Amino acid sequence: MKKLGTIWIVGILLIVLVACGGTTVTPDLPPEILYGEDVCDQCNMIISDERFAAGLVVELAPGKFEHRIFDDIGDLLAYEKAHGEEFTIAAYYVHDYNSKEWIDGKSAYYIQSEELFTPMGFGLAAAAQRLEAEALAEEWNGSVLSFAELHERTMAGQDVTEHVHQQN
Amino acid sequence: MNRAHFAVTIPFIIIALMLPKGSVAQKGATDSLQSLIDAAAAGALVEVPYGLYEGTVTINKPLHLTGVPGENGQLPIIDGKGNGTVLTITAAETTVEGFEIRASGNVIDHEDGGIVVEQAKNVHLTNNRLTDVLYGIRGVEAYGLKVIGNTIHGKDLHIARRGDSIRIWQSEDCLVEGNTIEKARDAIFWFSDGTTVRNNHFLNSRYGIHMMYTDGMTIEGNELNGNSVGAYLMYSKNVMIAGNTFRENRGPSGYGLALKDMDGVTVRDNYYIDNRVGIFFDNAPSRIDITQSIERNVLAFNDIGALMMPAVQNNILRNNTFLDNLEQVGLKGGGSNPGESLGANGWDGNYWSDYVGYDAGGEGTGDIAYHSASLFENLADQHPALGLLHFSPVEQAIDLAAQAFPIIKPKPKLSDNVPRMTPLLPQTMPVVAQPSSAMGWLAALLLAGAGLLYWSQRPKFVPDLPASLAPHRANDKRTSANQAQVPSRSIQKETAMDTQAAVNEPMISVQNLTKRYAQPGRAWWSDATITAVDDLSFELKEGQAVALWGVNGAGKTTVLKCLLGLLDCDGELQLDGTDLRKDGRNARRHFGYVPQELAFHNDLSVAESCRFYARLKDVDLARIPIVLDQVGLMSQERKAVGALSGGMKQRLALALALLGDPPVLLLDEPTSNLDAETRDEFLDLLSQLHRAGKTLLFTSHHLEEVEQLAEQVLILRDGKLFAKGAPAEMMHLLNPKREGQRTHLRAVEAPSDAAYLMTVPVHNGVITPTQVRQNGSVFS
């Protein structure tokens, strides 16, 4: 009966293993990304460039939060568009292009440019200040959008979250 | 070259030749190079003598800029001095050939790099060497760009800080051929329809190839080794992926080839070896009216052979070889019904190394279906962290529980109703025109291979290998760089007295080896076992030949299988100080194994068989004529294996074992199937190898083998060491007649790693006892 005992022990260990997974997530903290290691929840690619990395805090059930991470701001929006009905979004996080610091996605300003090469080709970057965003937009021959404008276009199915360089 | 350009270029050639070759006068003379370029007429040929040209350069008119090598073949150097992009080309119909381009800037926001081609058609970049560049070659709206025969070596930065080796963007009908790329971020091909990427080496980067929005692309004959991901292809259609090798791509996701939202893809004749995942499907195809063909690929030794997202459908996988992947096919996330999800794809007609079945009629396909069902695999699909427990008692216990309790027994996640009994080997790729002789040879050698088998090892463990193993890596492409750091034992013997002690250390050490098999027919809760090897200890010194002597069932083969890591066992097993049970995967490359039961692909020629095995083992194809010559098969290299005599097949098996130039040969009853004359010839051959320094451990119950080959004989009885000594001392015990009367369970295990097994062949349509495969074992 030694084997039966082994099975029970293994089963208990597995339950403990699964139960111990995960850390506490709250909406007020951005995700931690291991660059070069973590993969994007939308495209499955490795996240390497913090300038364009983005994150969501999603609420799956009341008080139960999880992070989603992305290699491109466009992938964040594409993910929301595809999975938005599965959860409530508690917070958006993007990086300020210049400082590379996490900033609140809703209050950020977005630069869209065909000259900006981003990991998934959406051509989107973010800045905390409008003046910074305008300077970058001028450098890249792009335009500046607020979160509301960007989000509205995305959810309306306009081409912001399609690739800005979509082929003819 | 456009001959019409010669007339206008002669003055510039003269100017160029007047410049002192390789002299200091060239140093800092960027102006002279830029001036040369500025002074040249559009379309001119400008030959630039060897020298150092510092600073960045721009070509804004059509030119043919050719580097003239120095006396020792050194390329003229354009050194960016760490500022910006070294060479900018904005003019169509421009050629740059034969330069070393180095030291770009380091600002990723500016995309500093070696060469950028902007809004210029039909630019050719050929045989240049780019080193210490953040980005390598960028083409933006560079239609018809040709990047041929270049080497690109990125800056030594963390992978997240590197630039792309090649980035071709908004540029159609480009050709990237015969390049070698190492230590970069990605090679990117976006919005560049009709581009061909052929015969390149993408090494040790993040994404070997990252392709998006590029229809009609061809990716063929490339080697994608040691990257985080081999190739990630997205959002494109009508793409051909053929004849590539995806090896040891083991980054965080570790896909050999990943397909996301790809439609109309043909994937054939590729090798996927030792990746985390051989091939990954994510919404590919994305359209339900499209069916994709995945054919004649070899997926070997990956953690997961093929991995699919739950909604993937309409991929027809046929004539592929699934060989000893930890998990042959997986469903990412597990899903509620893996069988239904994976069943939306076609799985009939593949070879599965874990197939349990038989082929009574000799049609080449199994008479019962292959089913892939494992509760542990299903759990691991849902919780990838459990993959760490593969091959552990946990996996065994979970699958045992699944067998015991039907309520949790998993349904098959896929079935193959006509499983192949033998693999169908990938077809060789045509050898295309090569940019340089060196690259041509390299590519030709790589493309000529078609083959299957053996352990594929990861280089990351190499520095930890014991010193005495180093000389045997001389032909190992992956480890040659480490060779100089690890002096060979034989060299040490000649140069240092203090290494004598090391020489006296055993090459192989077996201590307290015990192997027990489950008692056939026992109840699931029972611990009843049969002990095949019982507390066995022995040692072999370098260059020694030792025979394991005993009747069938004495445990001889089991000892070899334990050394090869094919059987779980108790005890300590070391190869020159390396623990075979902890780092066996790496150490095993230093074993050559000749099994008792030979199973070849009879339709292949001898040379093709060797190429097939060499490809899987990542051995330089130049070794093939050497080993064929060693075993006396050079004159038979074009002969079909099926037409070889038994002795010739035995020689071929030995040749395959010698491909990697292993220091140790393990031979399982090497002459048991040979007639007397052939046996003598084969023993002579083994004696020659022994005299040449090979360490031999062989099983035998033939007196002549022991007398001719062995310096020591270990007599096994019932799995225990009964006696040991020199053959002459043991002669009174080596009595074949008396030993032959002892008959016990014979558990001859067929190889499960196909290093020595394609499959068990059917002879004349009659099933022999060894044709029933069960979990990689053959019972007779």
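In what follows, every chain begins at residue 1, and chains take the letters A, B, ... in the order their sequences are listed. From a predicted model like this one, the values you see are computed outputs, not experimental measurements.
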In the structure I gave you, are the side-chain heavy atoms of A:Asn44 and B:Lys332 within less than 4.5 Å of one another anywhere? yes

Relative to chain A, which segment of [X] carries a heavy atom at a distance below 4.5 Å: side chain, backbone, both, or neither?
X        : answer
B:Arg167 : side chain
B:Asp282 : side chain
B:Ile188 : side chain

Would you say the side chains of A:Ser48 and B:Arg185 form a donor-acceptor pair under 3.5 Å?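 Looking only at side-chain atoms, B:Arg185 and A:Ser48 do not form any donor-acceptor pair under 3.5 Å.
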
With a cut-off of 6.0 Å (strictly less than), are more than 12 heavy atoms of other residues, nucleotides or ligands near [atom1] of [X]?
X        : atom1 : result
A:Gln129 : CD    : no
A:Glu86  : CD    : yes
A:His83  : NE2   : yes
A:Lys106 : NZ    : no

Winner by heavy-atom pair count (cut-off under 4.5 Å) against chain A, out of B:Met234, B:His158, B:Glu111: B:Met234

May I ask you to name which of B:Asp261, B:Ile108, B:Asn283, B:Val229 has the most heavy-atom pairs under 4.5 Å with chain A?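 With the most close heavy-atom pairs to chain A, the winner is B:Ile108.
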
Over all atoms of both residues, closest heavy-atom pair of B:His210 and A:Met120: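 Where B:His210 meets A:Met120 most closely, the heavy atoms are CE1-SD, 4.4 Å.
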
Tell me whether the rings of B:Trp190 and A:Phe117 are parallel (<30°), tilted (30 to 60°) or perpendicular (>60°).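 Parallel, since the angle between the ring planes stays under 30°.
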
Applying side chain to side chain contact (heavy atoms under 4.5 Å, CB included), name anything that partners A:Glu37, two or more places apart in sequence or on another chain.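 Listed in chain order: A:Leu34, B:Pro252.
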
Mind checking side chain to side chain contact (heavy atoms under 4.5 Å, CB included) for B:Tyr143 and listing every partner two or more places apart, or none if nothing turns up?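 Applying side chain to side chain contact (heavy atoms under 4.5 Å, CB included) to B:Tyr143 gives B:Lys121, B:Glu141, B:Glu172.
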
So, B:Tyr207 side chain and A:Ile46 main chain: donor-acceptor pair closer than 3.5 Å or not? yes

Given the rule in the side chain to side chain contact (heavy atoms under 4.5 Å, CB included) test, do A:Met45 and B:Lys260 qualify, once you have shown the distances and angles that lead to the verdict? CA-CA 10 Å; A:Met45 295 194 72; B:Lys260 179 176 174 59; over 6 Å; no

